[in-house]
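Note sheet for the following structure.
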Amino acid sequence: MSEKVRWGLLSTAKINQALIPAIRASQRGELVAVASRRQDRADAYAQEWDIPRSFGSYEAMLASGEVDAVYVSLPNYLHAEWSIRAMERGLHVLCEKPFAISLSEVDAMIAASERTGTVLAEALMYRHHPQTKAIGDWLREGHLGEISVLRGVFNFRLEERDNVRLVPEWGGGSLWDVGIYPLSFAQYVMGGPPLRVAGDQWLGDTGVDESFVGQMHYDGGRLAQITSSMRTPLQTEIEIFGARGRLLVTRPFNDMADEERRVTFHPAGGAPQEIPVPEMDLYSGEVEDMHAAILDGARPYLTRAETRDHVRTILALYESARTHRVVSLPD
Ligand SMILES: NC(=O)c1ccc[n+]([C@@H]2O[C@H](COP(=O)([O-])OP(=O)(O)OC[C@H]3O[C@@H](n4cnc5c(N)ncnc54)[C@H](OP(=O)(O)O)[C@@H]3O)[C@@H](O)[C@H]2O)c1
C-alpha cells in the first residue's frame, strides 16, 4: 500500500461534507473516489467536491483497486452489507453509527474484519475529540467523586417527512439516529454497558420512535437517563452527578466550535469552574485513528466490544419500549 491511505466515499450522503475536510487536512490520507448508485450523481458530486474518480455503483469502486479504505455513510440498514462487501475486497472500513441494526449483523462485520485482516471501526466522531477525552481523564482523576447519575440529551427537529430516518425497517428512529450519542457517552463514563434497561417511546405515523427516553442501570447502583427526539429544536447536553457536585457539558457531541460550548464543574457549595478543553476539528480524530490502524497497525481507539455494546443496549431499550418491561443485558 502507498504511504497515504486512499479513501473512497461509499455514497453521496450529506455527512460526507464533515469527513472530506478531515481527510484533506491529514498528511496520511487522500480522497480519491466517490461512489453513488447513479453515475450522473457520482460525477456531479466528484466535480462539486473536486474528487478525482467517480463510480456509478458501490461495487465498481470496491472492485477498482483504486482505494484502500472506504467511508460507509449509507442509511443504517445498509451498513453491514456494504462494510462486509468492502472488507471482502480487502478494504478497510470506517462505518457510520449505528454500526448495524442487529447484533447478528455486528457479529458478521466483526467476523469479516477478522477473516480478511482489515481495519473496521465505528465512526463515532465525538469519542475521538479532545473534549471527550479530557472529560474522561477529569472524571478518572476523581474530581467529581463517586458518580451516581448521568443525564444525556440529543434532540433535533426533522423537517422532511421522506427522510430515511422515518423508515422503521431501515433503522429509522431517534434512538438509532441520535440517542446513540448520549447512550454511548453513558457507556464511556460508566466503563461498560448497563445491567438492565427500561425504555419508552413515542411512535410517529411512520412507526418509528420520534421521541425516546431510556433508563439504564449500571453496577454499583449507578443510573443513566437518556433522551432523543426528532421533534424539538437542536439540543444536546450531558450532565453527570457525583458525590462532589455535577459536571455540565453543553455541546458534548456536535459542533465543537459552538460558542455555547461549555464544560462546567459545579462543586457542591462552591462557585462554578470552567474546564478548558483543546480545540480540534470534530471529525479529524476518527480519520487519524483509521490512519494509525491501517498504516501503523495500531488498535482502533474505539474497541469492537464498545461498538457491539452500543448496539446491544439500543436493542434492549427498544425491546423494553415495545414490551413495557425492564430488559436485562446478558454478560
Ligand atoms: N457522525 C455524524 O456526525 C453523522 C451525522 C449525520 C449522519 N450520520 C450517519 O451517516 C449515515 C448517513 O446519514 P446522512 O444523513 O448523511 O444520509 P443521507 O444524506 O440521506 O445519504 C445517504 C446516502 O445513501 C445512499 N443510499 C443508498 N440507498 C439509499 C436509500 N434506499 N435511500 C436513500 N439513500 C440511499 C445515497 O447515496 P447515493 O444516491 O449516492 O447512492 C444517499 O446519499 C447514517 O448512518 C447516519 O446515522 C452521522
Side-chain angles (χ1 to χ4, degrees), residues 8-23 33-49 51 53-62 70-83 85 93-101 105-106 109 121-129 132 154 156-185 206 208 228 230 234 236 251-258 281-287 289-290 302 307 310-311 314:
L9 306 172
L10 210 77
S11 95
T12 57
K14 287 190 207 78
I15 186 59
N16 291 351
Q17 296 178 29
L19 207 82
I20 291 171
I23 295 173
V34 60
S36 173
R37 288 166 299 170
R38 285 176 36 181
Q39 187 68 54
D40 60 341
R41 198 178 294 148
D43 293 344
Y45 195 87
Q47 190 170 15
E48 181 186 356
W49 290 95
I51 301 170
R53 288 281 280 132
S54 49
F55 294 94
S57 77
Y58 304 150
E59 188 56 45
M61 185 173 79
L62 301 188
V70 294
Y71 173 53
V72 175
S73 54
L74 295 165
N76 300 342
Y77 78 110
L78 293 171
H79 288 180
E81 176 189 343
W82 286 99
S83 294
R85 289 172 80 151
V93 172
L94 177 64
C95 178
E96 261 308 333
K97 43 54 65 175
F99 217 45
I101 54 175
E105 284 180 326
V106 173
M109 291 164 81
E122 181 183 12
L124 204 52
M125 75 307 184
Y126 85 89
R127 280 291 313 272
H128 297 269
H129 192 273
T132 316
F154 195 142
F156 73 109
R157 194 188 305 285
L158 184 65
E159 301 288 0
E160 346 151 48
R161 298 305 294 175
D162 61 347
N163 193 283
V164 292
R165 289 166 176 76
L166 294 173
V167 184
E169 58 277 21
W170 290 3
S174 73
L175 179 58
W176 280 126
D177 189 39
V178 288
I180 189 170
Y181 287 104
L183 179 144
S184 58
F185 206 112
T206 69
V208 304
S228 57
M230 300 171 165
L234 180 67
T236 62
R251 287 290 181 269
F253 321 115
N254 61 337
D255 197 357
M256 295 295 176
D258 190 319
D281 173 73
L282 181 54
Y283 292 85
S284 285
E286 66 185 18
V287 169
D289 193 60
M290 283 295 289
L302 196 58
T307 290
H310 297 154
V311 175
I314 290 174

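Values in this document were obtained by computation on a predicted structure and should not be read as measured data. We count ligands from 1, going down the list as the structure has it; atoms in each ligand are counted the same way. Reckoned from all heavy atoms, side chains included, excluding hydrogens, waters and symmetry mates.
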key: Identity and distance of the protein heavy atom lying nearest atom 2 (C) of ligand 1   = Y181 OH, 3.3 Å
request  = Report the residues that fulfil side chain to side chain contact (heavy atoms under 4.5 Å, CB included) with D289, sequence neighbours left out, ordered by chain and then residue number.
outcome  = H128, P300, Y301
task = Could you tell me whether Y283 approaches ligand 1 through its side chain, its backbone, both or neither, with non-hydrogen atoms closer than 4.0 Å?
result = side chain
message = I'd like to know whether ligand 1 has S73 as a neighbour, heavy-atom separation below 4.0 Å.
response = yes
message = Need the ligand 1 atom indices (1-based, order shown) with element for anything under 4.0 Å from a heavy-atom of R165.
response = 6 (C), 7 (C), 13 (O), 14 (P), 15 (O)
remark   = Under 4.0 Å between heavy atoms, the region of L78 that gets near ligand 1 turns out to be side chain
ask   = Applying salt bridge (Lys or Arg N to Asp or Glu O under 4.0 Å), which residue pairs with at least one partner in residues 160-174 are found, sequence neighbours left out?
value = R161-D205, R161-E210, R165-D177
query = What protein heavy atom sits nearest atom 41 (O) of ligand 1, and how far away is it?
reply = Y58 OH, 2.4 Å
key: Residue-ligand contact Y77/ligand 1, heavy atom below 4.0 Å   = yes
key: Contact partition for W170 relative to ligand 1, non-hydrogen atoms under 4.0 Å   = side chain
ask   = Which one holds for V164 and ligand 1: side chain close, backbone close, both close, or neither close, with close meaning a heavy atom under 4.0 Å?
value = side chain
request  = Report the nearest protein non-hydrogen atom to atom 10 (O) of ligand 1: residue, atom name, distance rounded to 0.1 Å.
outcome  = E96 CG, 3.2 Å
query = How far is atom 38 (P) of ligand 1 from its nearest protein heavy atom, and which residue and atom name does that atom have?
reply = S36 OG, 3.3 Å
